Structures are given as structure tokens and as C-alpha cells.
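The block underneath contains the structure these notes are about, expressed in C-alpha cells.
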2 protein chains.
Amino acid sequence: MAQTDTVTRILDTAEVLFAERGFAETSLRTITSKARVNLAAVNYHFGSKKSLIQAVFSRYLDPFTERFHCALDELQARYGDEVIPLEELLETMARSVLEVPAERNSLKVFMRLLGLAYSQAQGHLRRYIQEEYGSVFTRFTELVRQATPELPDAERFWRLHFVLGTVIFTLSGLDALRDIAEKDYGEHVTVRDLIRRLRPVVVAAMQAPLPSPVAPLAQEA
Amino acid sequence: MAQTDTVTRILDTAEVLFAERGFAETSLRTITSKARVNLAAVNYHFGSKKSLIQAVFSRYLDPFTERFHCALDELQARYGDEVIPLEELLETMARSVLEVPAERNSLKVFMRLLGLAYSQAQGHLRRYIQEEYGSVFTRFTELVRQATPELPDAERFWRLHFVLGTVIFTLSGLDALRDIAEKDYGEHVTVRDLIRRLRPVVVAAMQAPLPSPVAPLAQEA
DNA sequence: TCACGTTTGAAACAGCCGTTTATTACGGGG
DNA sequence: CCCCGTAATAAACGGCTGTTTCAAACGTGA
């Protein structure tokens, strides 16, 4: 079937180019010419550039949410009524994130796309992701809440976004950082290696002592 | 003098629009019309859109690097031959970052611009910032090295970028996150409040235990 | 007051953008 | 066989992009 081939070739090319340059900086002509596909094929199969962007995300997020839900099911079944430890939750999430793009070894692309979804304006994208995939995050958040009863709700909310920032920021800018690290320390760092380094940092961040209630950061020392 | 007025009006308008929508998504026509300035003024005063972008960054980074250098001078003078504690270094950096845009209460814009400089492709921008302002970061990194002798060099490098990711990611996406936080917890969070929350998390991240050397993250539990 | 360098102004430039149209080629069921 | 829905193609559409041009206005020293 020629249709499927055209569609996937567009998606394969688009996700790489989007990850490299961003959405606005990647034209449909660049995508279609590099994919050796007619320009009109994008509008024919996807309707618009916006829809193409959403389709690129769905191809990653649909399998991810499914796997993540399953992994959480298994985790809850294993622990029954006991509280699932925080580290277990974090590792489950990490494993689910890693499994999806591992099939096409494109973790870098996946992370870069997630970073773009956050940083790039693209209001429609944030809304789309929120509406389509917000429920998994809500479920995960609730489990984290049970695992960290000592944290006030607001504090936990912000800390989750802190560590989310660390992970997405690091892995989405990995290529640039890797160049610097290689030049300075000679060692070629792998994604797996980076995640090994991230683990204790993330755990420590979540378990950090509560901030002082009066906020004297900018005072003169 | 009318020239100076035109230049600053362009810069004032451009930095806000860039921060809101990104570089590619902000046209010169949008900038000049909102700044009530002729379209050609940008190319006349700055030469090109690229140069305008760099000028926007310079206006923040030049005062920042100067203040930061002075603050580090003072810190080194105060501690003499003693090692400067890590918390002291982090707070000095935070204070320097906060002081600059405080004059025009535009910290949000500043952070968003930093985030864009990282996430947006814009190779020319990264190169420009690296060449122009890399030395301050090098100096700061060396002081952090002395403050954390127990960390291997590579580990420290990555952790600095981890916390950098947290701060930039959080503060540059602050508006979106604030909306969610407000809806969920009702409290309106200020930048100052966020920094208060960030402090213990950043310190804990830098002081987290070293990762296990064998990297078994993705193994089956 | 005149002349001159600097700054504004309106208009046009070529080029790329996303999208649409109309035509052609394909391929399995009546 | 023909027919018809699906898909690929080339070409054109209007619109917006950054940049350039050239004339007009400005302000300041001679």
C-alpha cells in the first residue's frame, strides 16, 4: 500500500527536522523534499501543518501512555494497599519513557520534541497534549502524592516540575552538552550514562528539606 | 536625541515579543508597528534581524556579567584563601541574575530569553553567547570545583547543567506553570517564592550521593 | 542661512511560506 | 471491460517574510 508508506515517510522525516530546528523553522517544502514526497501530500494526509505536528507527537505519546498505564497497573498490583515508594515510581516512569523510542533508537528526538512542546509558544500543542495525555500525568501525580506525604501539595507540584525541567532540559539539549563534555573531559557520554547520573540527583531533589517559610534569598549576606 | 529613543523602543518591544513567541515567530513588522517605528529602522540601526536578537541579549548579559564578576571579586576578597562554600556561590549567582532585570522588573523576560537561547536552534545565538560570555561561566565553574572537591569533574559538570535546566526551565515556563498551579492550589506564586522553593532543591541536587558505577536503571526490577 | 551627515519614511524587492486547485495515474470490485 | 474512490503530481494562489532603495525630513555646526 503506497499510502501508508507516504504517511510514515513524512512522519519519519518531520520528527527529525522538527527536533533539529523547531516547528516554525521547518517548512513543509523541506520536509516533503527530504522525504521524496509531493508537497501537497502533507495537506492531503494530515490536513495542515498543525495537524502534522500533533500527529508526530501522537506517534510517540500514544504508545508511551499505554505502556505507562500498564506499568502503573502492574506496580499497583504488586504493592496492593501499600504505598509505592518514590524511587519505584520514578524508575517506572523513566523505564516507560525509555522503552518507546528505544524501538527506533530516537530517544534524543523524543526528548527534544518534549522540550519544544514546553518551550515553543505553539499554544495549540500544549493544549492538545494537555487534553489528550493529561490523565496519565494526573494518575502519576496522585501516586507521587501518596509516596511523599510529608510534602505540602504545592511544594510537590513545583518539585515535580523542577525535576521534569532537569530531565527534559538535559536530554533535549544533549547533543550540544555532549559536545562540550567531550571536549572538556574526553569521555563520550551515553544516554544511559546520563540517566544513571540523573537518578540520585532527582531523588535528592524530591527529598530535599522544605524551604524556609520567610524567603530571604535576595537579602544582603 | 531621537535616535536613542528609536533604538531603545525597538529593543524594549522586541525583547517582550521574542520572549512571548520566540524568534522565528516574531516578525520585524510586528516589532516595528508595535514600537511605532518605521520598518526600515531595524535594519538601519541593527543591520539585520540576527543582530537585533544579539543586541537584545547583550542588553541583559553585559550588565549581568559585569555585576557577576564584581560579586565574585567581593566574595573572593572576603574569603581570601579559604574555599567559598557552595551555597554562597549559588546565592551570589542567583542574586546577580536577579539584580539585572529587577530594574525593569522583567525577570520573566530575561529567563524566557535564556530558555530560548538554549532550546531554540539558532546556532548563531549559542555561538555568540558562548564566545561573548563564556569566560564568566568558566570562572564560576572553577570556584564550584573548589567548593565541591568530592565530586568528579564530569559529575560536577553534569550536575551544574542539571540545576541550570531546572532553573531556566521553571522560570522560563513560569507563566504556563503558574496558571496550572493557581488553578489547582489557588495560590498566586511569585518569582521570589519560586526561588525560595528552588534553593533547597538545587543544593540537594548538587550534594546528592554519587551514582552507582554500573548503571542498572533499565533492568527489570 | 546654508550645507551636510544622520535619521526617518513609504514603497518596492525577491523569496519563501502554507494551502488549494485541477489534472493525472493507480488498482481493485461491479 | 469499465468505473470509481484513493492517491500522487505539478502548478498556481495570496500572503507574509527580511531586506533594500531612494527621497524627504531633521538637526547641528560653519
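Since we're looking at a predicted model, the values are computed, not measured. In what follows, every chain begins at residue 1, and chains take the letters A, B, ... in the order their sequences are listed.
- Atom CZ of B:Arg36 is separated from atom P of C:dT8 by 13 Å (rounded to the nearest Å).
- In this structure, B:His45 does not reach the C:dT6 phosphate: none of its side-chain N or O atoms is under 4.0 Å from OP1 or OP2.
- Taking the ring centroids of A:Tyr60 and A:Phe110, they lie under the 6.0 Å cut-off.
- Taking 4.5 Å as the limit, some side-chain heavy atom of A:Arg59 sits within range of a side-chain heavy atom of A:Asp12.
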Sequence-aligned protein contact record of nucleotides 17-26 of chain C, with B where the base is within under 4.0 Å of a protein heavy atom and S where only the sugar-phosphate is
BBBB------
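- Put simply, CG on A:Asn38 is 6 Å from C1' on D:dA8, counting in whole angstrom units.
- Ring geometry for B:Phe64 against B:Phe68 counts as parallel: the plane angle stays under 30°, on a 0 to 90° scale with 60° as the upper cut.
- Between B:Phe18 and B:Phe23, the two ring planes are perpendicular [angle over 60°; tilted spans 30° to 60°].
- Taking side-chain N and O atoms only, A:Thr6 has no distance below 4.0 Å to OP1 or OP2 of D:dA7.
- A straight line from CD1 of B:Ile10 to P of C:dG9 spans 11 Å, rounded to a whole angstrom.
- Of all heavy-atom pairs between B:Val189 and B:Asp193, the closest is CG2-OD2, 2.9 Å.
- Qualifying side chain to side chain donor-acceptor pair (under 3.5 Å) partners for A:Arg67, counting only residues two or more places apart in sequence or in other chains: A:Glu99, A:Glu103.
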